[in-house]
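Inspection log for the structure reproduced underneath, given as structure tokens.
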Amino acid sequence: MTNNSELLKNLYNAFNPFQPLPAGDPNYVDCQAVRGDADILEELGNRIQLASQNTCQLYSGHRGAGKSTELLRLKEYLEARQCYVVYFAADEEDIDSEDAQYTDILLACTRRLLQELRTMGNPKPVLNWLKDRWQDLKDLALTEIQIEDMNVELQICQFAKLTANLRAVPELRQEIRERVNPHTVTLIKVLNEFLTDVKKRLPANCNQLAVIVDNLDRMVLVKDGERTNYEEVFLDRCEQLKSLDCHLIYTVPIAMVYSTRATDLRDIYGDPQILPMVMVRTPKGEIYQPGINKVKEVISRRIKQFSPNKPIETAIFDSLETLERLCLMSGGHVRNLLLLTQDAIGRTQNLPISERAVRRAITQARDTYRRAVENHQWSLLAEVSRSKRIINDDQYRSLMFNRCLLEYRYLDEEGEMQRWYDIHPLIQGIQEFKEAIEKLP
Amino acid sequence: MMKNYSHLDEDLLPDEKEEYQDLISHLTRNRKFGLYFVQSTPLDDEKIITKIIYDLPNKKVGVLRLIEPIDTLYERVLELYNNQQFDVLLITGLEHSLYQYEQENFGQITEDKFSNLTKVPHILNHLNQKRELFRDNIPISFVFLARPFLISYFIYRAPDFWDWRSALLEIGSINKFISMRKNVFSSDCQS
């Protein structure tokens, strides 16, 4: 095997699109300045630090934009500031993101908090709640064992079984919800008793408790008539969602933030914090070099770990132009950037990566957008590409969800934050879009 | 309006041979978990499978041919992987699950209900949910050979699973360039 092919292998594997970076990872690039100064540490973290009472905040952004990476940074930041943080990805073990309701989230929080904090506080109130419900629930946890016969660890495990079945066994899901639903208020009450006890026994260097529930934004939109599952969770059950006795951060689907219910959401939780794209063009369509440079840095950090000496713009890519075109076509979206780069490397037999390989990766990535847009949506995209604005309207919802529309931010000359929107740059070359542009008045 | 329009906005369509060679490069280079989608025709699936096995002599390639609808896949693949330790798993026949979904929920098979928001096919829900487990416990290249409508189903109804892909490759008529030897290794897991 030549060095060239070994290097290509290393580079290929450095651009996997499915792993959020842990806090402190050397590949992390701070893009705050080109995301309109969006800083999760300042916006979410400081609010928790300064608050005299519990906060409940929403965090949102496009799928794959780097939310989990940012939330893991926030966790580390808070931990360094006397805050004990429980972070969990809701859909990894507890929640079915295709069919999630409020009860599922409450049970997931209960299980995670019990699991992580059981040695710190007395879990008895919660376990007593479970005992009281046990006759009703034991068949749903698929066990015949009497809860009185279990030790505390095993009792806590029963919550895990319930949430595991909630997630994995659709036939049981509705039944579990129906049996737990009438008792959610009492469950919150006992969970808060547990949290109160935990807060008294936090490690000596901690004086606050925060829970970060990640990946709730992955909930797939399901409509039942005019109602959506997003509204059920974030609006109808907001009082309960907010009522845990600690600081709370929930991720929320970006499509909800831009729905007709956006105002309700803001009234309840305050302004959701949104992680925008890295701005690679200005609203006028000019190349924004600081943004391009940041995106290039995302690529070069990953390359330099395997090829510290080769010039990226001539030895890894065949030209600066090829590299910059790739960056532009990502729209400043990190996972798109990783996908395009990895696919271009996959289409390269020998370094440098050619313009042709990049173009073919772009062509293939464009196809996803072509398929994701329904016929009636091309005209909406054409309008946004001209106006750079959207209104909170449900017709934009799925276009935000599938990243056909992207959000950008910048600070204007007066230091005011300006928010604007654009189509994903891959859409620009699609025939249906070009036709919609021609039809604009 | 289109002042930023460039030649990169024009599709560069590859020939089948180039696209196939790119698939082999992807699979050769991937060391751990990876998701690949190959858009092909049912007539070409077997030829593509045979050729991939032949062209990846240093990888152990498994084949999972699904011949009936399924609701889950993870446990089955985990067992196969634990027994056979392959590097690449080629999967065909997922469309049967979508046909059943359409038949049961919409009364007929149309191959076009992917944008319907009222339902989610069980198998796509399962894949979307279990993606971390696939990634963490079965660190191989998964190659789904699929029809165009199935790709659309992934895009609409399993968007997080789809978002983890490393590549989609469109291989049309493979007959144009195929040259195969017989007696190639196959760890078939005929279902």
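These numbers come from the heavy atoms of this one structure, side chains and all, not from hydrogens, waters or symmetry mates. Every chain is numbered from 1 and lettered A, B, ... according to where its sequence line falls, protein lines coming before strand lines.
- Interatomic distance, OG of B:Ser166 versus OH of A:Tyr12, reported as 4.0 Å (0.5 Å rounding).
- Heavy atoms of B:Phe114 lying under 4.5 Å from chain A are absent altogether.
- If you measure heavy-atom distances from A:Arg335 to chain B, the contacts under 4.5 Å come from the side chain alone.
- With a 4.5 Å cut-off on non-hydrogen atoms, A:Asp367 touches chain B through its side chain but not through its backbone.
- Contact annotation for B:Arg135: only side-chain heavy atoms (C-beta onward) come within less than 4.5 Å of a heavy atom of chain A.
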For this session: Please lay out, stage by stage, how A:Ser398 and A:Gln377 fare under the test side-chain hydrogen bond (donor to acceptor under 3.5 Å, both in side chains).
Result: CA-CA 10 Å; A:Ser398 62; A:Gln377 293 175 320; 3.0 Å; yes
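- With a threshold of 4.5 angstrom between heavy atoms, A:Phe401 approaches chain B through side-chain atoms but not through N, CA, C or O.
- Between B:Glu170 and B:Arg147 there is no salt bridge, since none of the side-chain N atoms of the basic residue sits less than 4.0 Å from a carboxylate O of the acidic one.
- Under the rule for a side chain to side chain donor-acceptor pair (under 3.5 Å), the partners of A:Arg347 that lie at least two apart in sequence or sit in another chain are A:Asp343, B:Glu19, B:Asp22.
- Of the two parts of B:Leu168, the backbone and the side chain both hold a non-hydrogen atom closer than 4.5 Å to a non-hydrogen atom of chain A.
- Heavy-atom pairs under 4.5 Å with chain B were tallied for A:Ile362, A:Thr368, A:Ile430; the largest tally goes to A:Thr368.
- With respect to the salt-bridge test (charged N to carboxylate O, under 4.0 angstrom), the residues B:Lys113 and B:Glu102 do not qualify.
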Problem set entry | Verdict with supporting geometry, A:Leu323 and A:Cys327, side-chain contact (heavy atoms from CB on, under 4.5 Å) | CA-CA 6 Å; A:Leu323 173 59; A:Cys327 296; 4.3 Å; yes
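- Here A:Arg360 is the residue among A:Arg360, A:Gln431, A:Arg366 with the most heavy-atom pairs under 4.5 Å with chain B.
- Of the atoms belonging to B:Lys32, it is backbone heavy atoms, and not side-chain ones, that fall under 4.5 Å from chain A.
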